[in-house]
Amino acid sequence: MGKNTKNKKKMKGAEKTNLKTEKKMLMKQKKMLAKIGEADIEELLAKYKVDPTKKDTPAVEVDCPAPSPRVNFSVITHPTKDQLIFYGGEFYDGQKAEVFDDLFFYTIAKDSWSVLRCGEKPLPRCGHQMVATATDGGQLWLFGGEYSSPSQLQFHHYSDLWVFRLKSRHWERITASGGPSARSGHRMILLKKRLFVFGGFHDNNQSYKYFNDVHFFSLEDYKWSRVEVAGVAPPPPRSGCCMAATASGTILVWGGYSKASVKKDADRGTTHWDSHSLVPDKHDPKGLSWKWVSIKMGGMRPPPRSGVSFVVAPNGRLYTFGGVMDTEEDEESIKSQFTSELHSFDPENRVWRRIDVTSGKSDKEMQDKVVTTVGAFTVTSSSSSQALEEPESGPSPRSHCGMAVCKGTLFLFGGTFEEANRDVTLGDFYSLDLQKPTAWRTIIENKSNQMEWAGSESDSNSENESSGDQESSDESDEDSDSDMDVN
């Protein structure tokens, strides 16, 4: 019997072209990997997988030094103790990337660190999301993220969901179908016993895609559901945005980063400045129907930037720090401007406020300030002037750092910035009393000037650019922007 081809969908010309291009890029990448002697990414990840006979190894906390410099990691407040919990992240020295899978605990009163040694746990990742709940003595929920090979030519994105039970100190992988596709740079928040996931991206060096879908995971029945969205057009796909829940049960989303192809072998990034509210349908008892509403925000709103780090305090107020703006000087040159601005946002009233910790200047005086790193100094530019100043105390300009709030104190760790042609990963640590934000307290000093850069001084990202730059190091956030959303 002959084949029935009547209903067979024909591949369009554009699809054929894209497929051929991807195959060519894949072959080129394989040749490059063979040249540098790097194993396939599945082989690289296999060495981190735990022997089945050791999965139930009792967990032990061991005293240790502070975490090494990193970016696109997660840091959250322990739900029942005065501790901060750090997980994952990445480091790049100009030649090799390292992605982490360690879980650190910082005891605030003792200024001490410990790390967990255990059996089964999530594979190394960055650009993931983690939230905490006080249920059953405390739980940490982790979703997604990505792993990059040492050369940053290969990437693996995760779609797995894990829970770390703080009381028993063990990781458990949750098996549930219908969840979001593999991604990093997404955002995840806890609202009424549900984990809501929005946005993110997937980039494997052959193709990339940004998302604007919404899913939630029920902490009651352990099931994924996709949110049915109505109303106005949803936010354009993005990663590394800011996301917060309000007391009324709505979800606010603003900012973020995405890129799109503008011509053959050329992409253009977009830093978003729009803001939206996801509102539940009061007539839907299952809570599956929601609608997007475009909204306006008041006060002194931060200008568009990628790699903005943010944290929601227990009182519901949100704080943002840093970020980077790319300014195109010509067709071949892009300049990155990093900032050390600290802002607060009231989700209920949708009002922004600039917090100037050291200078005592008003919001109006500071509204156009942008800080750019130049060696050991900072360049402060405004609409009328640009001057070279001594660096202020506290965190220097950066993107994709980690932030957490515990008992009215804001903590800030790590991140990244560009100095000359180097991408510097930071490992400094600070705190700030949010009741009286008059000065940052340094817990770990910035020692970035002591770090060795292994890459070329003329081009710190030559390997990445030759293979198609991926966004995680650009977000987390906003990262990741890329993704320390997000950075």
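The basis for the numbers below is simple: all heavy atoms, side chains too, and nothing from hydrogens, waters or symmetry mates.
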Inset, instruction - Determine, stepwise, if the pair Y319 / F310 fulfils ring-ring contact (aromatic ring centres under 6.0 Å, His included). - result: CA-CA 5 Å; Y319 295 87; F310 74 96; over 10 Å; no
Inset, instruction - Measure up the H156 and Y158 rings against each other and bin them: parallel (under 30°), tilted (30 to 60°), perpendicular (over 60°). - result: perpendicular
Inset, instruction - Would you check if there is a donor-acceptor pair between the side chains of Q139 and T133 at a distance under 3.5 Å? - result: no
Inset, instruction - Give a yes or no answer on whether the side chain of H78 reaches the backbone of T80 with a donor-acceptor pair at less than 3.5 Å. - result: yes
Inset, instruction - Output yes when R398 and D428 qualify as a salt bridge under the 4.0 Å nitrogen-oxygen rule, no when they do not. - result: yes
Legend entry - Beyond-backbone contact of S181 with R183, side-chain heavy atoms, under 4.5 angstrom: yes
Inset, instruction - For H186 and S184, test the side chains for any donor-to-acceptor distance below 3.5 angstrom and give the result as yes or no. - result: no
Legend entry - Contacts of type side chain to side chain donor-acceptor pair (under 3.5 Å), residue E38, not counting sequence neighbours: S149, S151, Q154
Inset, instruction - Would you tell me whether H202 and N204 have side-chain atoms, one donor and one acceptor, within less than 3.5 Å of each other? - result: no
Inset, instruction - May I ask you to check if R70 and F100 form a cation-pi contact, with NZ or CZ under 6.0 angstrom from the six-membered ring centre and within 45° of the axis? - result: yes
Legend entry - Heavy-atom side-chain contact between L190 and L219 under 4.5 Å: yes
Legend entry - Donor on one side chain, acceptor on other, S218 and R194, under 3.5 Å: no
Inset, instruction - Please name all residues satisfying ring pair (Phe, Tyr, Trp, His ring centres under 6.0 Å) with W292, sequence neighbours left out, ordered by chain then number. - result: F198
Legend entry - For K296, all residues meeting side chain to side chain contact (heavy atoms under 4.5 Å, CB included), sequence neighbours excluded: none
Inset, instruction - Can you measure from CG (D136) to NZ (K167) and round to the nearest 0.5 angstrom? - result: 7.5 Å
Legend entry - From CA spacing to verdict: ring-ring contact (aromatic ring centres under 6.0 Å, His included), F73, F413: CA-CA 10 Å; F73 58 98; F413 184 95; 5.7 Å; yes
Inset, instruction - Cation-pi check, R165 to W171: give yes when NZ or CZ is under 6.0 Å from the six-membered ring centre and within 45° of the ring axis, no otherwise. - result: no
Inset, instruction - Tell me, with the steps shown, if V279 and W290 meet side-chain contact (heavy atoms from CB on, under 4.5 Å). - result: CA-CA 5 Å; V279 183; W290 296 62; 5.6 Å; no
Inset, instruction - For the residue pair T271 and S306, confirm or rule out a side-chain donor-acceptor distance under 3.5 Å. - result: yes
Inset, instruction - Could you tell me whether E90 and R125 have a side-chain N and a carboxylate O separated by less than 4.0 Å? - result: no
Inset, instruction - Measure from NZ or CZ of R350 to the centre of the six-membered ring of F345 and say whether it is under 6.0 Å with the direction within 45° of the ring axis. - result: no
Inset, instruction - Look at the rings of F429 and W113 and say which category their plane angle falls in: under 30° parallel, 30 to 60° tilted, over 60° perpendicular. - result: tilted
Inset, instruction - With the side chain counted from C-beta on, respond yes when F143 and D160 share a heavy-atom pair under 4.5 Å apart, and no when they do not. - result: no
Legend entry - salt_bridge(E61, R117) N-O dist < 4.0 Å: no
Legend entry - Flag side-chain contact, heavy atom, 4.5 Å: S225 against L288: yes
Legend entry - Gap separating the OG atom of S261 from the CZ atom of R268, nearest 0.5 angstrom: 11.0 Å
Legend entry - Pair Y106, D111: side-chain N/O donor-acceptor within cut-off below 3.5 Å: yes
Inset, instruction - Assess K223 against F217: is NZ or CZ under 6.0 Å from the centre of the six-membered ring, and within 45 degrees of the ring's axis? - result: no
Legend entry - F196 and F216 aromatic ring geometry - parallel, tilted or perpendicular at 30°/60° bounds: tilted
